Amino acid sequence: MGEQTRETFGSRIGFIFAAAGSAIGLGNVWRFPYLVGAHGGAAFVIVYLIMVFIIGIVCFVAEVSLGRHTRQSNVGAFKAIKPSWGPAGLIGITAGFMILSFYSVIGGWSIYYFFKAFAGFPAADPVVCNEMFNAFVTSSAAPIFFHALFMLATIYIVYSGVQSGIERYSNIMMPALFVLIVILAIRSMTLPGAGAGIEFLIKPDFSQITGEVLLAALGQVFFTLSLGMGSILTYGSYLGQDESIPNVSTIVPLMDTLIAFLAGLVIFPAVFAYGFEPGQGVGLVFVTLPAIFSEMPAGNLFGAAFFFFIILAALTSAISLLEPPTAYMMEEHGWERRKASVVIGIVIFIVGVFASLSMGVLSDFTIGGMVIFDLLDYLSGNWLLPISGLVTAIFVAWVWGTDNALQEATNDGTIEFAWGSLWANVLIKYVAPILITVVFLSSIGVIKVGV
Ligand code: PFF
């Protein structure tokens, strides 16, 4: 349907920045460091790196190939290969919808923290910073206001289209983000006593590797590379016909990994230099770091730069979450881009309002023991994402067929794909589906993985 008016990225670098923008987000700056901290440092980093190679890049190639071949987003892509598989694409669309509804709430927190950082955080005491964090997220109006701002920006960019929205703003935001994180990492690594933090990140203690660590690493690979939700598939559908899929599918995950590592180099040297605990969990970025910034010389500037970095990272991911449902409504229901982005954006905003309120006034309303915010996170992360990732891997390998997929990935055999036969015969066919199944079954408690 959208065939004749199909938008595309204007350049290869446009795709790379947009896809890297999708991948690089809260998952790198907030989730990766806290997982590293909670799972013993460098050992987790190594497991994670291995998973990026054997699963992450493998599924990335599959999604981009499927998207570009069919020139359709999620549902349409499945349907174009095999009509009866259309509904499979809806799993990813639903997951993206749910993720964006709470992701944008956290995006809103980052905007608030950006202003707070400028004003200076209250004290070098994590207890005080924790109280500040709790008081803010459990209140009603302020987090919703910032959530609305964040969603407005997201909707505006997607509304503006692939080239004049997504590509244009990614091309501005991504370089800014690289510059910021490098400056911040240098600042953190030159603090007196930073060495212990660097060591924590690069010197592995293999006794720390347990079944739980493996699972956390694999879940993180999916989340951080934006796999399983149609974001990469949809961006792939806008990729130029002459571009090298193996090439872009390696560059983007490597950029993502580099940024996660740099985020670790911002956070851990500072955590160690100021004598904090690395294993703080989810509060690392919103509680521990503010305490550190309040103590650091010119901490308000570095703090503001850090939260500005988070806003940019979250925004480029948020647009990639809004794009697949928008493209779906355009392709399958004939809506215009403007109408689709605004209507879906508003619905996501409204769900997000409930997610935000569930931290405070709605905290007594639980389903299965979880407040709305946690429920959205749990259902999308533990159920929809792995199921959709699995379905996509199986679909590409067994329904579309690896010969066809390879044909697309190599531009009809005209470009080099050095590990193409390993990818086709082993990794996408067996390794990816089996490992994803194991993670899924254990994350819902059906099996227990031990090392
Ligand atoms: N990859 C993003 C991050 O690491 O924060 C999150 C994300 C974006 C997940 C887009 C999924 C997605 F489709």
Side-chain angles (χ1 to χ4, degrees), residues 17-36 48 51-52 55-57 59-60 63-64 67 73-74 77 89-107 109-110 150-151 154 157-158 166 170 173-174 177 181 216-237 249 252-264 282 285 309-328 344 348 376-377 379-389 392:
F17 275 151
S22 169
I24 297 164
L26 295 168
N28 303 58
V29 199
W30 162 71
R31 207 164 182 267
F32 179 77
Y34 97 66
L35 289 175
V36 172
Y48 168 82
M51 301 272 192
V52 165
I55 310 259
I57 295 178
C59 292
F60 208 97
E63 279 204 25
V64 177
S73 73
N74 250 26
L90 281 177
I91 310 170
I93 302 259
T94 314
F97 185 96
M98 286 170 129
I99 291 178
L100 185 53
S101 64
F102 68 86
Y103 200 88
S104 57
V105 173
I106 308 179
W109 298 350
S110 312
F150 186 85
M151 273 313 291
T154 307
I157 295 173
V158 172
I166 299 172
S170 299
M173 289 193 276
M174 294 312 288
L177 181 146
I181 193 118
L218 190 51
Q220 173 63 4
V221 166
F222 260 83
F223 188 84
T224 193
L225 294 181
S226 306
L227 294 169
M229 257 147 302
S231 291
I232 297 304
L233 191 157
T234 304
Y235 279 8
S237 76
S249 304
V252 173
L254 288 182
M255 280 165 90
D256 182 79
T257 303
L258 176 71
I259 295 287
F261 197 74
L262 282 172
V282 292
V285 162
F309 166 84
I310 297 194
I311 296 169
L312 293 184
L315 194 55
T316 47
S317 297
I319 57 182
S320 80
L321 285 162
L322 184 56
E323 179 62 19
T326 299
Y328 165 73
I344 297 169
I348 290 177
L376 288 165
D377 181 9
L379 285 181
S380 56
N382 292 33
W383 288 80
L384 299 180
L385 203 128
I387 293 177
S388 173
T392 310

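Along the sequence shown, residues carry numbers from 1. Counting starts at 1 for both ligands and their atoms, in listed order. If you're wondering where the values come from, they're calculated on a predicted model, not measured in any experiment.
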Looking at Ser22, which atoms of ligand 1 are within less than 4.0 Å of one of its heavy atoms? 1 (N), 2 (C), 8 (C), 10 (C)

Is the contact between Phe223 and ligand 1 made by the side chain, the backbone, both, or neither, using heavy atoms and a 4.0 Å cut-off? both

Element-labelled atoms of ligand 1 that are located less than 4.0 Å from some non-hydrogen atom of Ser320: 10 (C)

Taking the side chain from Ser317 and the backbone from Gly21, do they hold a donor-acceptor pair closer than 3.5 Å? yes

Nearest protein heavy atom to atom 12 (C) of ligand 1, by residue and atom, and its distance? Leu321 CD2, 3.3 Å

Quick one: do the Ser22 and Ser320 side chains pair a donor with an acceptor below 3.5 Å? yes

Is the shortest heavy-atom distance from the side chain of Ser110 to the side chain of Trp30 under 4.5 Å? no

Does the gap between the ring centers of Phe32 and Phe261 come in under 6.0 Å? no

What atoms of ligand 1 come closer than 4.0 angstrom to any heavy atom of Ser317? 2 (C), 8 (C)

I'd like to know if the side chain of Tyr328 reaches the main chain of Glu323, judged simply by a donor and an acceptor atom lying under 3.5 Å from each other, with no hydrogens or angles considered. no

Min N/O separation Ile99 to ligand 1 under 3.5 Å: no

Are the side chain of Glu63 and the backbone of Gly228 linked by a donor-acceptor contact shorter than 3.5 Å? yes

Donor-acceptor under 3.5 Å (Thr326 side chain, Leu322 main chain): yes

Can you check whether Thr224 has an N/O within less than 3.5 Å of an N/O in ligand 1? yes

Where is the nearest protein heavy atom to atom 8 (C) of ligand 1: which residue, which atom, and how far? Ser226 OG, 3.4 Å

With side-chain contact (heavy atoms from CB on, under 4.5 Å) as the criterion, how do Ile55 and Phe222 come out once you've worked through the C-alpha distance, each side chain's angles and the decisive distance to 0.1 Å? CA-CA 9 Å; Ile55 310 259; Phe222 260 83; 3.8 Å; yes

Numbered in order shown, the ligand 1 atoms found under 4.0 Å of a heavy atom of Ala23 are 1 (N), 2 (C), 3 (C), 4 (O)

Does a side-chain heavy-atom distance below 4.5 Å link Ile99 with Leu385? yes

heavy-atom search around atom 11 (C) of ligand 1 in the protein gives Met229 CE, 3.1 Å

Give a yes/no verdict on whether any heavy atom in Tyr103 is under 4.0 Å from an atom of ligand 1. yes

Would Gly27 count as being in polar contact with ligand 1, using the rule that some N or O on each side must be under 3.5 angstrom apart? yes

List every atom of ligand 1 that sits less than 4.0 Å from any heavy atom of Ser231, numbering the atoms from 1 in the order shown and giving each element. 10 (C), 12 (C), 13 (F)

